[in-house]
Structure formats: structure tokens, C-alpha cells
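Residue numbers begin at 1 in each chain, while the letters A, B, ... track the order of the sequences. Both backbone and side-chain heavy atoms feed into the values below; hydrogens, waters and symmetry mates do not. Since the structure is predicted, the reported quantities are computational estimates derived from the model, not experimental observations.
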Amino acid sequence: MSNLEIAELLKKVAAAYQILGENRFKIIAYERAADSIEHLTSEVKDVWDEGKLGEVPGIGEAITKHLDELFRIGRVSHFEAVMKKVPQGVFPLLLVPGIGPKKAYKLVTDLNLKGNEKVVVGQLAAAAKAHKIAPLEGFGEKSEQDMLAAIETYKKGAIKENRMELPLADKIAQDVIAYIKRLGPSVVERIDVLGSLRRQVSTIGDIDIAVATKKPDSVVSHFVTYPHQKLIEKGPTGASLLLHSGRQVDVRVQEPGSYGAMLQYFTGSKNHNIKLRELALSKGLSLNEYGIKVVGKTQNSKLKTQNYNSKLKIYQFRTEESFYAAIGLPWIPPELREDKGEIEAARNIFYRKFPGKPNGLPKLVELSDMKGDLHVHTNYNLEPSHDLGVDPLASYLDRAVEFDYEYVGISDHNPSTTKHTEIQIVAIMKRRKEYYEHKYSSWIQKVSKASSPARTNVHLFIMCEVDILPDGKLALPDAAFEYVDAVVVSIHSSFTQPKAAMTKRVLRALGSHPKVRIFGHPTGRLLMKREGVELEWGEIFALCKERDIALEINAYPQRLDLPDAIVYDARKAGLRFCIDTDSHAASQMDMMRYGVSVARRGWGEKDDIMNSLEYTQFRDWLIK
DNA sequence: GCCGTTTTCGGCCCGACTGTTTTCAGTCG
């Protein structure tokens with residue numbers, strides 16, 4: 001069962017409890033558990049396998065027991081008993097936007113809806129068309145019409161599933177920002193991308209944008225003239241549009257004096273915000289998007305009187321830093337705001353007395369720390385097993401200069417093993433090495449003439465991305481290793497082997513030659529297209545550590561592989577990483593920033609990243 | 001049902017929006 005399916009199951013249980021009038025905190029607990037699982041970047045099943053279910057926030061003793069039953073025998077008798085107590089027709093209706101448990105229950109019982117998902121939703125649509133909904137208590141003309149529209153939305157397929165990769169989300173956000181900025185700096189004092197895009201989650205649902213302005217009405221009215229398919233909602237604090245592309249954009253406005261609180265509120269994540277507000281509450285402070293209210297007895301030494309707005313009875317904050325500081329915390333980087341222990345770590349900066357806890361927040365790696373890219377593909381045709389790049393070596397070197405890198409590693413795919421004999425492959429690799437050495441020295445000569453010497457110290461590593469064959473053998477004969485400095489090994493076939501076989505396969509490959517230095521895109525996932533392979537990570541980590549092999553954080557936006565949650569675990573296990581772009585065109589080398597974001601979301605520091613090392617240190621690590 | 005570094009009992013985030021309402025409930029993020 002996938003995370004999404006388990007999350008949906010828990011949501012159904014929560015809905016059933018709500019209809020049954022259960023304790024509302026129990027309902028909230030189930031919803032939080034569902035939410036937590038839905039947003040988990042590793043599979044719950046794997047977490048359960050490792051016996052770490054209790055470490056997932058929102059999952060305690062009781063739900064652990066239920067999930068244990070689910071994974072062992074495929075069903076949970078308690079869940080089934082609870083869900084049996086409500087009419088089955090309510091569950092499909094929950095998928096229609098705007099219908100929650102209460103409304104669903106009322107509709108199903110009053111209209112006697114029953115059957116499978118399609119049938120029930122169809123019956124509801126028919127009832128709306130026949131004006132049978134408006135007369136029901138709590139409903140009316142408007143809600144009847146809205147319901148028909150909502151059913152249409154539902155039929156178009158769950159918009160929720162329609163997530164996008166980071167570059168597209170960036171593009172949409174920048175277009176909207178440019179449009180809003182047309183109002184000029186006197187109206188748009190500040191504008192920022194917030195939400196999951198600011199946290200750099202690997203896929204993005206909605207785009208969230210906040211504006212600091214003294215003229216909120218002007219900003220909202222201007223924003224809703226942006227070309228769109230549907231106005232979802234509009235109010236004094238903001239508006240939401242569904243664009244023609246099917247993407248939703250939410251804009252929130254805030255006066256500059258409270259903008260810090262808005263940045264914090266709208267960046268999320270939801271669970272981070274809840275945890276933060278609970279912490280604040282324990283100090284007698286209530287947080288919202290306008291600022292901080294004093295609700296209890298407390299010595300508010302952190303609150304400064306000059307921030308107090310007596311009209312709103314609230315302390316205001318222009319910056320996020322001052323907002324966090326008022327709760328007694330340092331500023332927490334957005335990539336960490338997932339309720340994975342960052343608040344506890346942040347508190348520890350001020351409460352170092354507690355041993356055994358993470359000692360403060362990590363000092364996260366930054367894009368400017370990167371000194372090279374070890375996984376790019378040129379257009380040199382070595383008749384590879386997979387695709388070639390489109391640009392020549394010189395283009396990649398030029399870009400390396402642009403980024404101030406000290407080195408580049410060319411990791412073309414190995415020559416095809418089906419089209420060539422081993423002897424041919426060795427010959428190809430030898431020829432390739434000579435070719436690159438020649439091209440590299442011509443490039444050096446050209447650049448030395450054109451620019452100051454300081455700009456020419458980009459070093460070249462001649463590498464290769466070698467397939468891990470289904471049996472764990474490498475797709476490069478031993479004799480060919482003489483012609484490479486190091487190799488990246490990756491899986492490009494047979495992605496669905498069972499965990500044990502896959503683990504054995506990878507272990508064999510990683511241990512098969514000293515020049516194996518990087519495990520490329522380790523899960524092989526393609527976002528929204530292909531799940532990652534199943535591996536016994538503990539065993540992989542152990543061998544990588546023993547042989548000092550780096551795990552790749554592949555920055556290509558469709559991959560972002562390792563996933564951030566595994567980066568987090570691997571880092572705890574003491575492993576180190578290479579962040580590479582896997583560029584097949586020189587223009588793609590600026591995707592590095594997405595890889596850095598993944599590292600940051602995995603709590604990665606500069607010291608965890610091999611290719612943040614300067615050239616000689618890196619060379620000494622890479623070349624064995 | 002979850003959770004905790006003054007608590008293992010007694011709390012539990014916060015507000016906007018919408019529609020159907022004379023004061024609020026439901027839904028959403």
C-alpha cells in the first residue's frame with residue numbers, strides 16, 4: 001500500500017469518527033497522522049520495516065498498532081468496524097471539493113445515495129440538477145449550483161495529483177510576480193514566493209505568493225485580472241486563481257509592518273506551523289499571520305513595546321527573523337520547516353543543557369559552496385547504452401568558468417555492451433580519453449589567451465557513468481577502467497527487482513572496482529512517473545561508508561535523487577554526497593541549485609558535500 | 001489519539017471564506 005492510499009484510509013477513519021461524533025481531538029489526531037504520512041518522502045512501509053513508525057510525527061502507540069496489523073495481514077479490523085458504522089456512500093463524496101464529512105453524511109442519508117464511487121457522485125449530480133438539494137436543511141440555491149461545478153472539477157480528475165516539477169513552478173511564479181510588480185514599487189513594497197516552492201519540496205501543487213503593501217485592495221484587484229480560467233476565491237486578504245494551465249496560484253497581501261508574520265505563516269509547512277504555535281502557546285503567545293497576541297501570563301521579555309500595535313492589540317514584525325526571535329528561536333531555513341525536529345533543534349541553541357539532542361540547527365550547504373559538477377554528458381559519440389549529450393566539452397568547461405567551478409567530470413554513458421565486444425569497448429574508451437585530453441588542452445590554450453589566468457583553472461576529470469547490470473556486474477570491462485579517473489555507477493534497467501535482489505545487485509556493483517566513487521541517482525525514481533527502486537538502505541550505507549563512496553544527489557528536476565528524506569538518513573549514518581546535474585546540455589548545468597535544495601532539505605552541510613571541496617582535496621578523494 | 005526538557009495528565013493552531021444563517025457550522029489551507 002502506498003503512502004497516499006494509507007493516508008486516504010486514515011482520512012476515511014477520521015471522517016467516519018466525525019460523523020459518529022467522536023472526540024474531536026481524536027479526529028484531529030487521525031487527520032494529522034494522515035497528513036504526516038501523505039507528506040512523508042519515504043515509504044511508510046519501509047519505516048515500519050525498520051520499526052521506526054513511532055518516529056513519524058503524529059503516529060503514536062494506537063495508530064502504530066493499527067498500521068502494524070495493516071502491513072502484516074493487509075487490513076485493520078478496528079478501521080473496518082468504525083467505517084462500517086456509517087453509510088458507505090459518504091466516502092466517495094469526500095473527494096468532491098467543498099464536501100466534508102458532515103455534508104456528505106447529510107446528503108447520503110437524506111437523498112439515500114448508495115453504490116460505488118461513480119454511481120454515488122452521479123446520483124448527487126442528478127439530485128442537484130433536479131433541485132433536490134436546495135430544500136435540504138443547511139443547503140440552498142447557491143450551494144446546489146456550486147455542487148454541480150464541484151462535481152465537474154472532480155470529474156476532470158483530482159487536481160491535487162496534478163503536481164509539477166520545480167522549474168515549471170518557478171516559471172509560473174515569476175510570471176505572476178512580474179505581473180503584480182507592474183503596480184510599481186510604491187504599491188508592491190515586497191513580493192515573495194512562499195509555500196512549498198519556498199521550502200523547495202520536490203514537486204509543487206499550488207503556487208503561493210505574498211505581497212507587502214499598503215494598498216491591499218489594489219493588489220488583489222490587479223492580481224485577479226491576470227489571465228485565468230476560474231476565480232476560486234477573493235477577499236480582502238488575498239485571492240486564488242485557477243490558471244489556464246490548470247495550476248492554482250494563491251496571493252496573500254499584508255501590510256509591511258506585519259509582513260514577517262505573513263512570510264512565516266504562508267511558508268508552512270502546516271505541521272511546522274502547528275508545532276510552532278503550540279510552542280508559542282506554552283509561552284502564553286498566540287501566533288497568526290498578523291503577528292503575536294499575548295494570551296496568557298508570561299514574561300514577554302522578547303516582545304518589544306515598539307512593535308505593539310494597540311489598535312490591533314498585536315505585536316507586529318516586519319521580518320521573519322524578528323518573528324522567530326520573539327518566540328525565542330533563531331530563524332529556521334524554509335527547507336527545514338517540515339516538523340522533522342527543526343524546532344527542537346532550534347530550541348537547543350538556547351537550551352543547550354539537554355544532552356543527547358541534536359545540537360542546534362545545521363549550517364546548510366549553499367549554492368555558492370559548490371566547486372564542480374561530476375556528472376555531465378557531452379555530444380562525443382562513444383556509441384553509448386543510453387543518450388548522448390548535445391554540447392561539446394568546451395561548452396561545459398565554459399559554463400564551469402561562469403559558475404566559478406574548479407573542476408568538471410564528464411560522465412558519459414558507457415559504450416553499449418550489446419553492440420560491442422569487450423575489446424572494442426576498451427578501444428573506444430582509450431580513444432575517448434585521448435579525444436578529451438586533446439580538446440581540453442585546446443580549450444585551455446584558447447581561454448588562456450582570452451582571459452586572465454585566474455579564470456582558466458577548471459580541471460577536467462574523465463569519468464564514465466556505468467550501468468549496473470541486472471546481475472550487479474558493471475557494464476564496463478575491467479581493462480577499460482585504465483582510461484577513466486573514476487566512475488559513477490547507476491541503475492538504468494530492471495527497476496522492479498525485489499528488495500533483496502536489488503540490494504545484492506547494488507552491493508556487488510559498488511564493491512566491484514576501486515574506481516567506483518559515486519552511486520548515481522540511487523533510487524532511479526522519475527518524479528510522478530516512476531517509483532524508486534527498493535533497497536535495504538542500511539546495507540548500502542554501510543558499504544558506501546566502508547569504501548568511502550559518495551551518494552549522488554542528482555539535481556535534474558525530474559529526478560532529485562537521492563530523495564531528501566534518504567539524504568537525511570544517510571547523513572545521520574555518516575555518509576557523504578556529490579551534488580551533480582546529470583546535464584545532457586550545457587544549459588542544464590544551472591539546475592545545480594535544485595540539487596543543493598535537496599541537500600538542504602536533508603539537513604546537509606557543506607562538509608557533507610564532496611564537491612564543495614577545493615580541487616586538490618577533491619581529487620585526492622576521487623582518484624584511487 | 002498524540003504528546004511532552006516546568007506536564008505521563010490534560011491540554012490540543014489559527015483564521016478566511018462561504019452559505020445559510022440571526023450567531024454559526026462546515027470546509028479549507
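Regarding A/Glu141, its CD atom lies at a distance of 12 Å from the C1' atom of B/dG19, rounded to whole Å. Between the NZ atom of A/Lys11 and the C1' atom of B/dG29 there is a distance of 12 Å, given to the nearest Å. In this structure, A/Lys270 places its NZ atom 16 Å from P of B/dG15, rounding to the nearest Å. Counting to the nearest Å, the C1' atom of B/dG15 and the CZ atom of A/Arg277 are 8 Å from each other. Atom CD in A/Gln145 sits about 11 Å away from atom P in B/dT20, given to the nearest Å. In this structure, the CG atom of A/Leu10 is 14 Å from the C1' atom of B/dC2, given to the nearest Å. A straight line from CD of A/Gln18 to P of B/dT27 spans 7 Å, rounded to a whole angstrom. When rounded to the nearest whole Å, the span between CD1 of A/Ile28 and C1' of B/dG1 equals 11 Å.
Comparing B/dC2 with B/dT7, their C1' atoms sit 14 Å apart, to the nearest whole Å. Comparing the P positions of B/dC17 and B/dC12 gives an interatomic distance of 25 Å, to the nearest angstrom. For the C1' atom pair drawn from B/dT22 and B/dG29, the interatomic distance equals 28 Å after rounding to whole Å. One P atom belongs to B/dT21, the other to B/dG26, and the distance between them is 13 Å to the nearest Å. Look at the C1' atom in both B/dT23 and B/dT18: the space between them is 15 Å, to the nearest Å. Between B/dT8 and B/dC3, the two C1' atoms lie 9 Å apart (nearest whole Å). Straight-line distance between the C1' atoms of B/dC28 and B/dC13: roughly 14 Å, to the nearest whole Å.
Contact check, A/Lys142 against B/dG19: a side-chain N or O comes under 4.0 Å of OP1 or OP2. Between A/Thr237 and B/dG15 there is no side-chain polar atom (N or O) within less than 4.0 angstrom of OP1 or OP2. In this model, the phosphate group of B/dA16 is approached by a side-chain N or O of A/Tyr290 to a distance below 4.0 Å at OP1 or OP2. Note on A/Ser286: a side-chain N or O is less than 4.0 Å away from OP1 or OP2 of B/dC14.
Using a 90° window around 0 for the glycosidic torsion, B/dT22 falls outside it and is classed as anti.
Under the rule for a side-chain hydrogen bond (donor to acceptor under 3.5 Å, both in side chains), A/His39 has no partner lying at least two apart in sequence or in another chain.
At the heavy-atom level, A/Asn273 lies nowhere under 4.0 Å from the strands shown. Across all strands shown, A/Ile59 has heavy atoms under 4.0 Å from sugar-phosphate atoms exclusively, and none from any base. Residue contacts shown for A/Leu276 are absent, as no nucleic acid heavy atom lies under 4.0 Å away. Among the atoms of the strands shown, none is found under 4.0 Å from any heavy atom of A/Glu137. In this structure, A/Asp146 reaches the sugar-phosphate backbone alone: every heavy-atom distance under 4.0 Å involves primed, P, OP1 or OP2 atoms, never a base. At a threshold of 4.0 angstrom between heavy atoms, the contacts of A/Ser282 with the nucleic acid are absent. Among the heavy atoms of the strands lying under 4.0 Å from A/Lys293 are primed sugar atoms or P, OP1, OP2 only; no base atom is included.
Counting non-hydrogen atoms of neighbouring residues, nucleotides and ligands closer than 6.0 angstrom, the NZ atom of A/Lys106 exceeds 12 such neighbours. Counting heavy atoms of neighbouring residues, nucleotides and ligands inside a 6.0 Å radius, atom CD of A/Glu137 does not exceed 12 of them.
Both tests hold for A/Lys26 against A/Tyr17: distance to the six-membered ring centre under 6.0 Å, angle to the ring axis within 45°.
Under the 3.5 Å distance criterion, with hydrogens and angles disregarded, no donor-acceptor pair is assigned to the side chains of A/Asn3 and A/Glu5.
Base pairing annotation: B/dA16 forms a Watson-Crick or G-U wobble pair with B/dT27, both donor-acceptor distances under 3.5 Å.
Note on ring orientation: taking the six-membered ring where Trp is involved, the planes of A/His272 and A/Tyr324 are tilted (angle from 30° to 60°).
Of the two residues near DNA chain B, A/Val56 and A/Lys234, the one whose nearest nucleotide lies more 5' is A/Val56.
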Strictly under 3.5 Å: I want the nitrogen or oxygen pairs between protein and nucleotides 9-12 of chain B, one per line.
{"unit_1": "B/dC12", "atom_1": "O3'", "unit_2": "A/Glu278", "atom_2": "OE2", "d": "3.3"}

